[in-house]
Structures are given as structure tokens and as C-alpha cells.
Amino acid sequence: MRNPMRPAAAAAPLLLLLAACGGGGDPYSGGGGDGGGGSGDAIVVGSANFPESTLLAHIYAKALEAEGIPVQTQLDIGSREVYYDQVAEGNLAVFPEYNGGILYYLDPEAESGTTEETNRAVRRELPEDLAILESAPAQNKDSITVTEETAEEHDLTAIGDLEGTAGDMTLGAPAEFETRPQGVPGLKDAYGVEFGGFRPLEGNLLVEGLRGGDVDAANLFTTNPAFTTGDFVALEDPQNLFGSQNVTPLINKEAVGQDARDVLNGVSAELTTEALIDLDARVQIDHEEADEVAADWLSQAGLD
């Protein structure tokens, strides 16, 4: 089945909100510094305008700084339609991406695949001046999630286990999930699962609806901080309906040298979905500063 992949983060307003830190000079200077492109300028690390992207940008930047590589950050840049062009032009050197999301942007007809298949497809589609580095095990992808109580009551561990019970259940999800190929139609095609009802909900309303019983299952992203409570179970997706959405650095090749690439690959090797859920919770629920959370994780991972 052909399953066009949905970006992990919804499109945001096309606002370019710049927040530079580090050395002075033009924040769109690109360049590589030590371990970068050799121009003597800092590597510019960007982020989209949602908390997880900002957190990842701080992790990348602080890991590079720890190795003596000059860095600047530009945070909250908005949607992929804005920041992708900035990376391509060299105004941004490093950007935290999701491999399935960037593939969908480059080829909306791309099929869902494993991490390795997705990365191969991304590398085929990227222009010559851009590259992706190694993907982290961490994934921020769609899931069908139920409460722990529901999972135990109906013996649910994978999406296919819903086949006999979904007809008596209501699914909560963003409105577009009802019609997009990886949504309601995909659940039927891949697993034979058809929910009795559908309720359009977004963001925290999905978590509240699931917890309060307004819906019986919900389309949550797998790094949602709500998973730290132990109240929810993301059902396994053995048919890979939702594809791969591994955290993956997108770089401008000229602006990022091998030393910097090695540092970023080292970060990816240590970053798991479970770790990212905990970090997101510290930022989004406990309201800790993203840069401090990033520094703490790097220290715990031995990357500072």
C-alpha cells in the first residue's frame, strides 16, 4: 500500500523569529568555524517554532560548543517551507529534522518505509548541497494510543488487536486524520480496523479526551510528554503504517565539516524516544529552560 508520509510537526505560521546567541556578526553567515566549512564563522543551528525542535537545536549547539566549535543559534523559525530554503542557501548550517517529514516535503508521493529505507530515499531526493546525517533511534511519529486500562481490558498491544473492538470505540485525532492515507483509511487497509466514531481534536484536547473517556483511542505523537505518566499505551505498528520519523540532522554540506558531523552523529547515537519524551516533559510540563535541559542531558550522556 502506498502511504504518503506526514511531517511529524504540523506546519506553523511562516514567521521568521530570530534569536541569535554565541559570537557576534551576521546570524545568517553560515560558515563552519573549527570543524565547519573553514570560513572561520560559527556554525548556525536553527529550530522550528515548536518546543521539541528548540530543545534539539540546543542539544546540537551545546554538543558542538563542547568540542570547541563556534556556534550560533536561530530559534523559532517557523515551518519547513521557511527553514528548508535557509539551509539550502547556507544561512542555516544545521537543523533538527525528521526523516519521514523531510522526505514527504521533497516527495509527497513517497512510500512509508523503515528508517534505512527512508534515509536512502531522502538522500536520493536532496539537492547536492544538502545532506542528512545519521538518524537517532528517537522518533516523533503518529501512534494510535489507548489508556493502560483499555489496553489491559481488551488485551491490546498492537494496532491490529483493535480489529474486534474498534467498532465500539471512538477515535480522537486531528480532523485531517479522518481522510489522509495514513489515517482512518490506512487503519482499515493495513489492519482491518474501523472505529465506530471519530472525534476531531487537537493538541492537549486529545490527551484530556483520552484521559477523561470522551474518546477511547487517540492519535498522539510518540514523544508526547503525556507518556511519562504511565497512563497511556502507544500500540505497536508492525505494518509500519506511520512510517519513520527519526530525529535526523539536516545540514548544509559546505558549512559543516567532518569534525562537526562526527559530534552530531554522536548525539544521534545516544538519543532514544524514551529520553526525548522525558526531555520534552521537563520543558513542556515542568517548564524548565530548554537550554538547561539540553545541557543536563548531554552531561548525563557523556557528551559535554
Side-chain angles (χ1 to χ4, degrees), residues 19-23 25 27-48 52-75 77 83-84 86-88 90-99 102 115-116 119 122-123 126 129-140 223 245-276 278-280 283 289-304:
C21 71
Y28 268 151
S29 60
D34 295 336
S39 70
D41 295 326
I43 288 180
V44 183
V45 179
S47 83
E52 183 173 288
S53 184
T54 301
L55 171 66
L56 290 168
H58 280 300
I59 288 174
Y60 290 168
K62 289 185 178 297
L64 292 168
E65 288 175 343
E67 295 301 320
I69 299 173
V71 177
Q72 291 179 341
T73 57
Q74 284 188 172
L75 308 177
I77 297 179
Y83 67 69
Y84 178 86
Q86 294 298 327
V87 181
N91 295 326
L92 298 170
V94 176
F95 211 96
E97 260 292 4
Y98 302 88
N99 57 353
I102 193 65
T115 298
E116 293 75 17
N119 286 349
V122 172
R123 292 182 174 114
L126 282 173
D129 55 348
L130 297 182
I132 56 170
L133 301 182
E134 295 177 10
S135 290
Q139 294 200 57
N140 184 350
T223 60
Q245 294 289 355
N246 299 79
V247 174
T248 306
L250 174 70
I251 66 166
N252 183 288
K253 291 163 68 173
E254 184 177 352
V256 183
Q258 191 58 50
D259 288 349
R261 298 183 195 197
D262 290 344
V263 171
L264 296 170
N265 285 335
V267 169
S268 292
E270 298 296 328
L271 187 62
T272 64
T273 301
E274 293 74 20
L276 190 52
D278 290 339
L279 297 175
D280 280 340
V283 172
E289 295 296 330
D291 60 338
E292 295 176 2
V293 173
D296 187 41
W297 179 78
L298 288 168
S299 178
Q300 292 177 21
L303 296 170
D304 58 351

Problem set entry | Close side-chain approach of Glu97 to Ile132, heavy-atom, < 4.5 Å | no

For this session: Look at the side chain of Gln72 and the backbone N and O of Val44, then say whether any donor-acceptor pair between them is shorter than 3.5 Å.
Result: no

Seminar exercise, completed: So side chain to side chain donor-acceptor pair (under 3.5 Å) across residues 293-304, not counting sequence neighbours, yields Arg282-Asp296, Asp296-Gln300, Ser299-Asp304

Exercise. What distance separates Lys253 NZ from Leu126 CG, expressed to the nearest 0.5 Å?
Worked result: 9.0 Å

Exercise. Could you state the interatomic distance from CG (Asn140) to CG (Asp280), rounded to the nearest 0.5 Å?
Worked result: 7.5 Å

Exercise. How long is the gap from CG on Leu64 to CG on Leu264, to the nearest 0.5 Å?
Worked result: 4.5 Å

Seminar exercise, completed: Output for pair (Gln139 CD, Leu276 CG), nearest 0.5 Å, gives 11.0 Å

Exercise. Just by distance, with hydrogens left out, do Thr248 and Asn119 show a side-chain donor and acceptor under 3.5 Å apart?
Worked result: no

Exercise. Where do Pro137 and Thr273 come nearest, in terms of heavy atoms and distance?
Worked result: O-OG1, 3.7 Å

Problem set entry | Distance, nearest 0.5 Å, that separates OG of Ser268 from OH of Tyr60 | 5.0 Å

For this session: Indicate the atoms forming the closest heavy-atom contact of Gly266 with Leu303, along with that distance.
Result: O-CD1, 4.0 Å

Exercise. Going by heavy atoms in the side chains, are Leu56 and Leu271 under 4.5 Å from each other?
Worked result: yes

Seminar exercise, completed: Nearest heavy-atom approach of Leu298 to Ala63 is CD1-N, 3.6 Å

Exercise. Are the side chains of Ile77 and Leu92 in touch, meaning some heavy atoms are under 4.5 Å apart?
Worked result: yes

Exercise. Any sub-3.5 Å donor-acceptor pair from Asn246's side-chain atoms to Asn99's backbone N or O?
Worked result: no

Exercise. Are side-chain heavy atoms of Leu250 and Tyr84 found at a separation under 4.5 Å?
Worked result: yes

For this session: First locate atom OG1 of Thr115, then atom CD of Gln245, and finally report the distance between them rounded to the nearest 0.5 Å.
Result: 10.0 Å

For this session: Please examine the side chains of His58 and Leu75, heavy atoms only from C-beta on, and report whether any two atoms are closer than 4.5 Å.
Result: yes

Problem set entry | Nearest heavy atoms of Phe95 and Ser53, plus distance in Å | CE2-OG, 4.3 Å

Exercise. Which heavy atom in Val263 sits nearest to a heavy atom in Ile69, and how many Å separate them?
Worked result: CG2-CD1, 4.4 Å

For this session: Give the minimum heavy-atom separation between Ala260 and Ile43, together with the two atoms involved.
Result: CB-CD1, 3.6 Å

